[in-house]
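See below for the structure under consideration.
Quick note: numbers below take in every heavy atom, side chains included, and nothing from hydrogens, waters or symmetry partners. Here the structure is a predicted model, which is why all the values come from computation and not from measurement.
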Amino acid sequence: MSSSRRDFFKKLLGTGVVVAGIPPACAPNIDPAPVLDVPMPGDDGIVALVVPRYPDLSREGGAVTLRFPKDSGQENLLVMHPTANTYAVLSATCTHVGCPMGFDGKEAVCPCHLSKFDLEGKVTQEPATVPLTQYVCTYNAGTQVLSINVLDGDPNFPAVVGGKLALTFEEFPDLQNTGGMVSGRPRGYGKRIFVFKLEDGTYSAVDSVCTHQGCTVGFEASLNELLCPCHASTFSKTGKVDPGGAATIDLKTFPVTADASGVVVAIA
């Protein structure tokens with residue numbers, strides 16, 4: 001990617017001088033949610049929080065940021081308590097320029113440039129344009145335990161079974177076409193992956209977690225590459241990082257096999 005094109009996308013995404021026409025500013029009375037360090041959960045993917053132990057979360061309108069071990073590959077989570085026995089969990093990094101998120105009692109708010117997101121992660125106020133990831137959580141009012149499943153996925157996307165993700169051509173016909181792509185969050189892994197049929201007829205599967213600050217990359221058709229919305233890092237369809245951007249490490253990749261019926265991705 002040329003430096004001039006990269007600079008254009010940096011400005012478009014708010015990492016240069018222009019931020020969607022809005023000058024940088026701090027959100028009044030909004031700070032990033034307090035950080036709570038937690039270990040990665042076991043095979044069930046459940047993080048269980050006894051809510052009364054955490055004053056910043058137990059009060060209505062409160063929130064905490066769950067921070068996982070650095071080498072876990074799990075993004076930080078914003079856990080919010082809007083009302084009574086209602087809780088919501090989103091990814092905790094703003095999709096604009098990667099700032100840590102706060103909570104105003106009703107919506108997730110970025111303290112850096114005032115981007116706002118509803119409790120499902122949808123953008124309600126720009127400059128951010130990419131939604132936050134929503135995580136499944138359940139609250140037991142009797143035990144006061146909030147359970148968050150970090151390995152849950154998209155309801156209409158196949159699950160990882162025995163360490164394998166099977167994508168049949170019948171269900172995903174685009175994978176038969178050169179340049180075809182499928183993406184989704186498989187249950188049992190919890191993070192979005194991309195599977196491509198490359199120009200030489202082989203397949204690649206790559207993770208969506210940007211290696212710079214952990215934002216979620218998306219596929220940008222105009223570039224034919226993966227683009228991080230936070231700092232404009234770009235990656236090839238095989239996960240190779242383009243030089244000159246904020247990221248310097250390739251995306252995580254997964255082994256892929258294919259036969260006449262479909263594609264199988266080994267998820268580890």
Short side-chain to backbone donor-acceptor contact, Asn149 and Asp152, under 3.5 Å = yes
By ring pair (Phe, Tyr, Trp, His ring centres under 6.0 Å), which residues pair with Phe169, not counting sequence neighbours?
-> none
State which residues pass ring pair (Phe, Tyr, Trp, His ring centres under 6.0 Å) with Tyr139; sequence neighbours excluded, sorted by chain then number.
-> Tyr87
Above 12 or not: heavy atoms from other molecules or residues under 6.0 Å from CD of Glu199?
-> yes
Among all residues two or more places apart in sequence or in another chain, which pass the side-chain hydrogen bond (donor to acceptor under 3.5 Å, both in side chains) test with [X]?
X: Asp200; result: Thr202
X: Thr124; result: Glu107
X: Ser236; result: Thr238
X: Gln134; result: none

Enumerate the residue pairs fulfilling disulfide bond (SG atoms under 2.5 Å apart) with a member in residues 137-183, sequence neighbours excluded, ordered by first and then second residue.
-> none
Sequence neighbours excluded, every pair satisfying disulfide bond (SG atoms under 2.5 Å apart) that has a member inside residues 237-268 = none
Can you see which heavy atom on Leu90 is nearest to which on Leu132, and at what distance?
-> CD1-CD1, 3.9 Å
Ring centres of Phe235 and Phe194 under 6.0 Å apart?
-> no
Show your working on disulfide (SG to SG under 2.5 Å) between Cys94 and Cys230 and close with a plain yes or no.
-> CA-CA 8 Å; Cys94 183; Cys230 292; over 6 Å; no
Using side-chain contact (heavy atoms from CB on, under 4.5 Å) as the criterion, list what pairs up with Ser261, not counting sequence neighbours.
-> Asp259
Sequence neighbours left out, what passes salt bridge (Lys or Arg N to Asp or Glu O under 4.0 Å) with Arg187? Give chain and number order.
-> none
Selection residues 52-78 - residue pairs positive for ring-ring contact (aromatic ring centres under 6.0 Å, His included), sequence neighbours left out = none
Any salt bridge (Lys or Arg N to Asp or Glu O under 4.0 Å) involving residues 37-50? Give me the pairs, sequence neighbours left out, ordered by first then second residue.
-> Asp37-Arg67
Steps toward side chain to side chain donor-acceptor pair (under 3.5 Å) verdict (Thr65, Asn76) | CA-CA 7 Å; Thr65 296; Asn76 294 346; over 6 Å; no
